[in-house]
Enquirer: 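Here it is, the structure in full.
Numbers restart at 1 for each chain; the letters A, B, ... are given by sequence-line order, proteins then strands. If you're wondering where the values come from, they're calculated on a predicted model, not measured in any experiment.
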Number of protein chains: 2
Amino acid sequence: MIVIDYKDSRPIYEQIVEKFQKLIVKGVFEADSQMPSVRSLAMELSINPNTIQKAYAELERRGFIYTIKGRGNFVSSGKEYLKYKIGEIQIKFDKLCEEAESVGVKREKIAAYILGKEMSL
Amino acid sequence: MIVIDYKDSRPIYEQIVEKFQKLIVKGVFEADSQMPSVRSLAMELSINPNTIQKAYAELERRGFIYTIKGRGNFVSSGKEYLKYKIGEIQIKFDKLCEEAESVGVKREKIAAYILGKEMSL
DNA sequence: TTAAGTGTGTTAGTTGAAATAGTACACTTA
DNA sequence: TAAGTGTACTATTTCAACTAACACACTTAA
């Protein structure tokens with residue numbers, strides 16, 4: 001199911017995150033179904049359990065899975081990740097708006113630019 | 001004028017960039033006045049000329065100074081850096097808007113959020 | 001209670017990209 | 001031509017990210 005590409009320069013845990021993320025977004029897994037345990041997947045891929053752990057922690061941070069200590073990792077209900085992602089985007093807009101204001105660009109101007117009513121900031 | 005802080009974890013060239021940037025923004029240097037040469041400043045700070053070169057290249061990229069080969073580096077006219085910075089911010093807004101649209105957030109909604117007419121995206 | 005499963009935390013080793021240095025080259029001016 | 005300037009190439013160093021080893025803690029079922 002999951003294959004590591006050692007020609008790929010990206011870290012292993014990142015490859016794992018991406019692959020599960022795609023599968024979950026596609027709806028391949030049922031909500032609340034159990035993920036492979038960190039040990040079994042590590043064994044299958046011949047890598048250290050900590051690397052799977054790191055991937056799972058990131059998937060949890062992004063809202064794709066949730067963890068119950070001693071029981072395992074489980075797939076989140078489908079829309080959790082969208083909520084997470086929009087939250088992240090909102091934070092980025094907040095920071096960027098502050099940055100723009102610090103160089104004299106007003107919010108009205110930003111809004112107009114985004115709506116295509118102004119060609120530049 | 002410029003002092004390196006070796007307790008500071010940031011790289012030397014970055015410290016130099018920041019210090020000159022602040023001085024130039026403050027208007028301490030006249031426009032078109034000459035910067036210290038890479039060699040003289042390197043000598044003064046007891047570091048390699050390439051490190052100064054790297055700092056100056058970054059300052060040029062940001063629009064704070066300009067270079068004439070064989071002659072030296074010179075301070076840009078005051079407003080160059082603002083133009084640069086606003087350009088950078090514009091690019092970031094473009095990317096962020098695309099990202100938002102990819103998860104179903106419309107531009108109208110973004111504009112409304114930025115203007116404070118909506119509490120969240 | 002115990003055994004076998006699960007995740008977690010701490011520490012140590014590895015490795016690759018970024019930072020810095022050494023050196024040689026090219027342009028500008030007097 | 002000499003003494004100043006910036007620049008390019010390569011080598012070395014350093015440090016943070018990644019991965020691994022191992023011990024600990026929780027959950028469940030027999």
Side-chain angles (χ1 to χ4, degrees), chain A residues 1-21 24 29-30 32-76 80, chain B residues 1-21 24 29-30 32-76 80:
Chain A
M1 181 159 67
I2 296 288
V3 179
I4 298 173
D5 177 5
Y6 284 101
K7 282 171 280 180
D8 192 331
S9 65
R10 291 173 311 163
I12 296 171
Y13 84 93
E14 204 176 303
Q15 292 184 41
I16 294 170
V17 167
E18 190 195 278
K19 281 174 184 170
F20 273 114
Q21 178 166 330
I24 293 171
F29 302 119
E30 209 168 338
D32 301 315
S33 62
Q34 186 155 11
M35 299 279 288
S37 80
V38 291
R39 277 181 180 74
S40 66
L41 187 54
M43 187 88 74
E44 185 186 326
L45 302 179
S46 305
I47 59 178
N48 191 284
N50 278 357
T51 304
I52 307 295
Q53 166 61 19
K54 187 163 187 180
Y56 280 8
E58 176 60 20
L59 284 166
E60 183 174 31
R61 199 187 67 85
R62 295 186 188 181
F64 289 101
I65 66 176
Y66 61 94
T67 301
I68 303 177
K69 256 175 80 169
R71 292 202 48 201
N73 289 274
F74 302 87
V75 177
S76 292
E80 283 305 308
Chain B
M1 181 159 65
I2 296 289
V3 179
I4 299 173
D5 177 6
Y6 286 101
K7 281 171 283 181
D8 192 331
S9 66
R10 291 173 310 163
I12 295 171
Y13 84 93
E14 204 175 303
Q15 293 185 40
I16 293 169
V17 166
E18 190 196 278
K19 281 174 184 169
F20 273 114
Q21 177 166 329
I24 293 170
F29 302 120
E30 209 168 338
D32 301 315
S33 61
Q34 186 155 12
M35 299 280 286
S37 80
V38 291
R39 276 182 181 73
S40 66
L41 187 54
M43 188 87 74
E44 185 185 328
L45 302 179
S46 306
I47 60 178
N48 191 283
N50 278 354
T51 304
I52 307 296
Q53 165 62 19
K54 187 164 187 180
Y56 279 9
E58 177 60 20
L59 284 166
E60 183 174 31
R61 198 186 69 85
R62 296 187 188 180
F64 289 102
I65 66 177
Y66 60 93
T67 301
I68 303 178
K69 255 175 81 169
R71 290 201 51 201
N73 289 275
F74 303 86
V75 178
S76 293
E80 284 304 310

Enquirer: When you measure from the side chain of Asn48(B), which nucleotide among dA21(C), dT19(D), dT8(C) comes out closest?
Expert: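 Of the options given, the side chain of Asn48(B) lies nearest dA21(C).
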Enquirer: How many Å lie between CZ on Phe74(A) and P on dT6(C), as a whole number?
Expert: 10 Å
Enquirer: Examine distances only and state if a side-chain atom of Glu58(B) and a backbone atom of Val17(B) form a donor-acceptor pair shorter than 3.5 Å.
Expert: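 Pair absent, no side-chain N/O of Glu58(B) close to backbone of Val17(B).
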Enquirer: Is the closest side-chain heavy-atom distance between Tyr6(A) and Ile12(A) below 4.5 Å?
Expert: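 They are in contact (side-chain heavy atoms under 4.5 Å apart), so the answer is yes.
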Enquirer: Please report, rounded to the nearest Å, how far the P atom of dA20(D) is from the CE atom of Met43(A).
Expert: 14 Å
Enquirer: Can you tell me how far P of dT19(D) sits from CG of Leu41(A), to the nearest Å?
Expert: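 It is 13 Å, rounded to the nearest whole Å.
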Enquirer: With the side chain counted from C-beta on, respond yes when Asp32(B) and Val75(B) share a heavy-atom pair under 4.5 Å apart, and no when they do not.
Expert: no
Enquirer: Report yes or no: is there a donor-acceptor pair, N or O only, under 3.5 Å between the side chain of Arg39(A) and the base of dG7(C)?
Expert: yes
Enquirer: Between dG7(C), dT7(D), dT20(C), which nucleotide gets closest to the side-chain atoms of Thr67(B)?
Expert: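 My answer, after comparing the listed nucleotides, is dT7(D).
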Enquirer: Base of dA19(C), side chain of Asn50(B) - is there a donor-acceptor contact under 3.5 Å?
Expert: no
Enquirer: Grab the CZ-C1' distance between Arg10(B) and dT20(C) for me, whole Å please.
Expert: 17 Å
Enquirer: Among the candidates dT28(D), dG7(C), dT19(D), find the nucleotide nearest to the side-chain atoms of Arg71(A).
Expert: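 For Arg71(A), the side-chain atoms sit closest to dT28(D).
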Enquirer: So does Thr51(B) get a side-chain nitrogen or oxygen closer than 4.0 Å to the phosphate oxygens (OP1/OP2) of dA21(C)?
Expert: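 Yes, within the criterion.
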Enquirer: Can you tell me the distance, in whole Å, between the CD atom of Gln34(A) and the C1' atom of dG5(C)?
Expert: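 Whole-Å distance recorded here is 10 Å.
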Enquirer: Are any of Tyr13(A)'s side-chain N or O atoms less than 4.0 Å away from OP1 or OP2 of dT19(D)?
Expert: no
Enquirer: Would you say a side-chain N or O of Ser37(A) is under 4.0 Å from OP1 or OP2 of dG5(C)?
Expert: no
Enquirer: Is any side-chain nitrogen or oxygen of Asn73(B) closer than 4.0 Å to OP1 or OP2 of dT5(D)?
Expert: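 Result: no.
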Enquirer: Using only side-chain N and O atoms of Gln53(B), determine if any of them is under 4.0 Å from OP1 or OP2 of dT7(D).
Expert: yes
Enquirer: Return the value, rounded to whole Å, for the distance between atom CG of Leu59(A) and atom P of dG7(C).
Expert: 13 Å
Enquirer: If you check every side-chain atom of Lys54(B), which of dT8(C), dT19(D), dA19(C) has the closest atom?
Expert: dA19(C)
Enquirer: Going by atom types only, do Tyr13(A) and Asn50(A) share a side-chain donor-acceptor pair under 3.5 Å?
Expert: no
Enquirer: Do Ile4(A) and Ile47(A) touch side chain to side chain, with heavy atoms closer than 4.5 Å?
Expert: yes
Enquirer: Bend angle of the helix from dT1(C)-dA30(D) to dA30(C)-dT1(D) from five-pair axes at both ends, rounded to 10°?
Expert: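 Rounded value for the end-axis angle: 20°.
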Enquirer: If you round to the nearest 0.5 Å, how far is OG of Ser37(B) from CD of Gln53(B)?
Expert: 11.5 Å
Enquirer: Need to verify one output field. Residue with the more 5' nearest nucleotide on DNA chain C, Ser9(A) or Lys69(A)?
Expert: Lys69(A)
Enquirer: Has Gln21(B) got a side-chain atom pairing as donor or acceptor with Arg62(B)'s backbone, closer than 3.5 angstrom?
Expert: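 No; zero donor-acceptor contacts below 3.5 Å.
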Enquirer: Would you indicate whether the side-chain heavy atoms of Gln15(A) and Asp5(A) approach each other to under 4.5 Å?
Expert: yes
Enquirer: To the nearest Å, give me how far apart NZ (Lys7(A)) and C1' (dG16(C)) are.
Expert: 20 Å
Enquirer: Take atom CD1 of Ile16(B) and atom P of dT20(C), then tell me their distance rounded to the nearest Å.
Expert: 8 Å
